[in-house]
**Student:** 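One structure is given below, represented as structure tokens, and several questions about it will come after.
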Protein chains: 4
Amino acid sequence: MPKDTFFNLSIEKRQRIIDMAIDEFAKYSYDKVSISKIVDKAEIAKGSFYQYFEDKKDLYKYLLLNVIVEKKVNYLSHFTLKMQEESFFEVLKALYIAGINFAKDNPKLAEISDHFTKNTDDNLKKEIYDGSIPKSNALLEGLLLKGIAKGDLNPDIDIKLTAYILTSLTISIGEYFIKELKVEDDMEIMTLIDNMLLIFEKGIKNKG
Amino acid sequence: MPKDTFFNLSIEKRQRIIDMAIDEFAKYSYDKVSISKIVDKAEIAKGSFYQYFEDKKDLYKYLLLNVIVEKKVNYLSHFTLKMQEESFFEVLKALYIAGINFAKDNPKLAEISDHFTKNTDDNLKKEIYDGSIPKSNALLEGLLLKGIAKGDLNPDIDIKLTAYILTSLTISIGEYFIKELKVEDDMEIMTLIDNMLLIFEKGIKNKG
Amino acid sequence: MPKDTFFNLSIEKRQRIIDMAIDEFAKYSYDKVSISKIVDKAEIAKGSFYQYFEDKKDLYKYLLLNVIVEKKVNYLSHFTLKMQEESFFEVLKALYIAGINFAKDNPKLAEISDHFTKNTDDNLKKEIYDGSIPKSNALLEGLLLKGIAKGDLNPDIDIKLTAYILTSLTISIGEYFIKELKVEDDMEIMTLIDNMLLIFEKGIKNKG
Amino acid sequence: MPKDTFFNLSIEKRQRIIDMAIDEFAKYSYDKVSISKIVDKAEIAKGSFYQYFEDKKDLYKYLLLNVIVEKKVNYLSHFTLKMQEESFFEVLKALYIAGINFAKDNPKLAEISDHFTKNTDDNLKKEIYDGSIPKSNALLEGLLLKGIAKGDLNPDIDIKLTAYILTSLTISIGEYFIKELKVEDDMEIMTLIDNMLLIFEKGIKNKG
DNA sequence: TATGAATGAGATTTCATTCAT
DNA sequence: AATGAATGAAATCTCATTCAT
């Protein structure tokens, strides 16, 4: 967590620092991000940075666990709404839509998340997430179980594996979206997600 | 490509260098791999390294595009055999089996591939692969087209997206294999792949 | 010397600052003492510190030359009393007892003195004491001269050297006391001092 | 220990580096010594330093435990010779003479030793000496025991305390020598030591 | 008088690459 | 062809002190 000094700064300055940090962490992976570059671009003294943040990791954690999460919350409102009532595939769709809309509106933040997911330093990962990745699979496993209970899904599927596949698709669908399509049109996103989910739907839904 | 000097070395020395490089690139991501460590472990002078290779990238490229690819070829023989005659799903299965067997028999090389796939420096990626990832998708897109032509697949599927999904699954299935299962038994691997493909099969095969 | 602003503070605040400063200077040597830590622990603003003291050195000087000296005065009352009448060795003994009792009752202050004595930055030393160490020797040289005059001491001894030795012993006896003995019992301290002085007594007293 | 690369350097270069390091460590305490300054004065690249030494501590250890010790050995030859046969006071005298002559001929090295002895960071001290300071007292305690056995010394003296005193005097006599006398004349040194030892001799020798 | 954000020089350390021998 | 010493830019981080409010 940033120090109090950081939160006592003017909003403009705080935002400038965060923005420049986002710029760099979106462009480079953790190791390659340079604090010197960030302070240069944010036009603050190097010493000031260390008055605001414990160290590089502190800033990184803050971006990942606060700035990004905060932004993401809005996008997940539909998902959480649907979560209660709808069929498994509707909920899953809401989840993907949330993810993609977030990436569309906040490409840099999505890029940072992407860098983090792909980061290979497991120690750093563990220290920052401390179990949140398994949690992400737990979320999907829970959804799958509910889906089976509701009768939406074929009870014979391998839950763990299916969850793994769905998680991995979150990433690939995001990449596909970023690299192949540069869609402005929301309809296309919907179509994309529909197509992807259709494949699964047939594969894992209950025939009954 | 390594310089001629490298290929003029005795096989033993060449192998020693390659082995130590594989060790390091399997352990660390590109940035964190230390040339100093490699030359130490291979017991060659640092200057010599730069007489064999242009630079760090040169070695990395060589490992990825030559050493690894060369090893992989054997594993793909079944796949290429089946490619001619069998149904789409048989071919796909052969492709996955090849990939998993390769990872099982050459864990370090698989690790290097993994590191590369997850590497976040797009410039490096582009410079090394320079279109090979699209090519990898092109392979799958080709398979899909053939599958449609043969009547195996539903002609309405989004080919590009489906190819993307299948590629992404290569990665996730590999990870799942490495982290969740520590299978000695080939049967389990087969079951794993069967389960995964079943989901797709239902999703994309031709109902007719 | 601290600025007037410091002395205008409430006694409580002043004491809090001094106490925290003592804590830090007892724990660390001059260079390693952190003003930031002191102001944090004393709960004053960093800017305030520089309105009370010129700089770090100013605080340090104040502790050494005022706070500590002030405390020491009581302990030297016996010494000064005896100074008039008693034999050289009685006076010397009183001096050592004063020193050790001071260290026993004010371990942090003693630690600060210790750090200072051992500090290696001669410039700082000179600037702070500015002749006080020679003065400390002058005290002993005076005692020795008096002792000779009284007939207590052998007039042939090298006064300067003997004074130097006695000064150095103040330090070593203090360390020995702190590190080897953890005496609660005053008797043991007396015995320790007696033993040490006995060695000298035989060495420098007048045989006549 | 310095790395091999250091010992492979030309004698001139090696000496230049050592000399500049000695200069700095004689002037400043460990913490204040700047590697940057040393490399500047030795006219080597900063990176080179780290090819020769692990880090700052490595260089410091090398100076203390190798460079200085090596130089000191010669000075102790008389001492070790006398150690076998002579009376306690002769041996002690030889020890002091060795110490003082060393300091006279190698004032900077003596200064470094002095800085180290007075250094307050016990962790560093422990790491470097790892028990050598108690050993120094053990040496004197051994001498004292031998002296008692031979009948040179009063068996009633407190051995530990006496050893402590003698150790402390090694330091103070060195300082006295450096600061008060700037003797060229060896005779004066002898007189100085004789005077000091006389005091002790009377104090602790066997009356019988 | 009180505050605490701002400063910036300077510290140690790393490492791919070059180059003289 | 082989060697390994030399390089130096760039990295993170520290901290006493200043200064605007």
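Below, each value reflects all heavy atoms present in this structure, side chains not excepted, and no hydrogens, waters or symmetry copies. In what follows, chains are A, B, ... by sequence order, proteins preceding strands, each numbered from 1.
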**Student:** Roughly, in whole Å, what's the span from CG in D40(B) to P in dT14(E)?
**Tutor:** 15 Å
**Student:** Using a cut-off of strictly less than 4.0 Å, decide whether S34(B) has a side-chain nitrogen or oxygen near OP1 or OP2 of dC15(E).
**Tutor:** no
**Student:** Using whole Å, what does the distance between atom C1' of nucleotide dA1(F) and atom CZ of R14(B) come to?
**Tutor:** 16 Å
**Student:** Kindly state which residues belonging to residues 46-56 of chain C come within less than 4.0 angstrom of DNA chain E, counting heavy atoms of the residue only, listed by number.
**Tutor:** K46(C), G47(C), S48(C), Q51(C), Y52(C)
**Student:** Of all the nucleotides listed (dA5(F), dT17(E), dA5(E)), which has the minimum atom distance to the side chain of I35(B)?
**Tutor:** dT17(E)
**Student:** Using atom types as modelled and distance alone, determine if a side-chain donor or acceptor of K125(B) lies under 3.5 Å from a backbone N or O of T117(B).
**Tutor:** yes
**Student:** Is the backbone of Y30(C) close enough, under 3.5 Å, to the side chain of K56(C) for a donor and an acceptor to pair up by distance?
**Tutor:** yes
**Student:** Rounding to a whole Å, what distance do you find between D58(B):CG and dT17(E):C1'?
**Tutor:** 14 Å
**Student:** On DNA chain E, check which nucleotide each of D4(C) and K37(D) is closest to and give me the residue with the more 5' one.
**Tutor:** D4(C)
**Student:** What pair of heavy atoms forms the shortest contact from I38(A) to A21(A), and how long is it?
**Tutor:** CD1-CA, 3.9 Å
**Student:** Can you see which heavy atom on I17(C) is nearest to which on A42(C), and at what distance?
**Tutor:** CA-CB, 4.0 Å
**Student:** Need to verify one output field. Residue with the more 5' nearest nucleotide on DNA chain F, T5(D) or K32(C)?
**Tutor:** T5(D)
**Student:** CZ of F6(A) versus P of dG4(E): gap in Å, rounded?
**Tutor:** 18 Å
**Student:** Using a 3.5 Å distance criterion without hydrogens, assess whether the side chain of K3(B) forms a donor-acceptor pair with backbone atoms of Y50(B).
**Tutor:** yes
**Student:** Which part of the nucleic acid does L9(D) contact within heavy-atom distance under 4.0 Å: base, sugar-phosphate only, or nothing?
**Tutor:** sugar-phosphate
**Student:** Under 4.0 angstrom, heavy atoms only, what part of the nucleic acid is K13(B) near: base, sugar-phosphate, or nothing?
**Tutor:** sugar-phosphate
**Student:** Using a 4.0 Å heavy-atom cut-off across all strands, classify V39(C) as base, sugar-phosphate, or nothing.
**Tutor:** nothing
**Student:** Whole angstroms only, please: what is the NZ-C1' distance between K57(B) and dC15(E)?
**Tutor:** 16 Å
**Student:** Evaluate the side chain to side chain contact (heavy atoms under 4.5 Å, CB included) criterion for residues R16(A) and I44(A): first the C-alpha distance (whole Å), next the side-chain angles of each, then the deciding distance (0.1 Å), finally the verdict.
**Tutor:** CA-CA 10 Å; R16(A) 211 171 61 228; I44(A) 60 170; 4.1 Å; yes
**Student:** Between dA16(E) atom C1' and L59(B) atom CG, what is the distance in whole Å?
**Tutor:** 13 Å
**Student:** Rounded to whole Å, please give me the gap between CG in D31(D) and C1' in dT14(F).
**Tutor:** 13 Å
**Student:** Note every stem involving DNA chain F: at least three consecutive Watson-Crick or G-U wobble pairs, i with j then i+1 with j-1, with both distances under 3.5 Å.
**Tutor:** E:2-21 with F:2-21
**Student:** Need to verify one output field. Residue with the more 5' nearest nucleotide on DNA chain F, I44(D) or A45(B)?
**Tutor:** A45(B)
**Student:** Donor-acceptor pair, distance only, cut-off 3.5 Å: does the side chain of K46(D) make one with the backbone of I35(D)?
**Tutor:** no
**Student:** So, OP1 or OP2 of dG4(E): does either fall under 4.0 Å of a side-chain N or O from N8(A)?
**Tutor:** no
**Student:** Identify whether any heavy atom of S36(A) sits under 4.0 Å from a base atom; if not, whether one sits that close to sugar-phosphate; answer base, sugar-phosphate or nothing.
**Tutor:** base
**Student:** Would you mind reading off the distance between E43(D) atom CD and dG8(F) atom C1', rounded to a whole angstrom?
**Tutor:** 16 Å
**Student:** Could you tell me which non-hydrogen atom of Y28(A) sits nearest to which non-hydrogen atom of K37(A), and how far apart they are?
**Tutor:** OH-NZ, 3.1 Å
**Student:** Should the ring pair Y62(C) and F6(C) be called parallel, tilted or perpendicular, given that the plane angle runs from 0 to 90° and is split at 30 and 60?
**Tutor:** perpendicular
**Student:** Answer whether the closest heavy-atom distance between the side chains of F116(D) and Y60(D) falls below 4.5 Å.
**Tutor:** yes
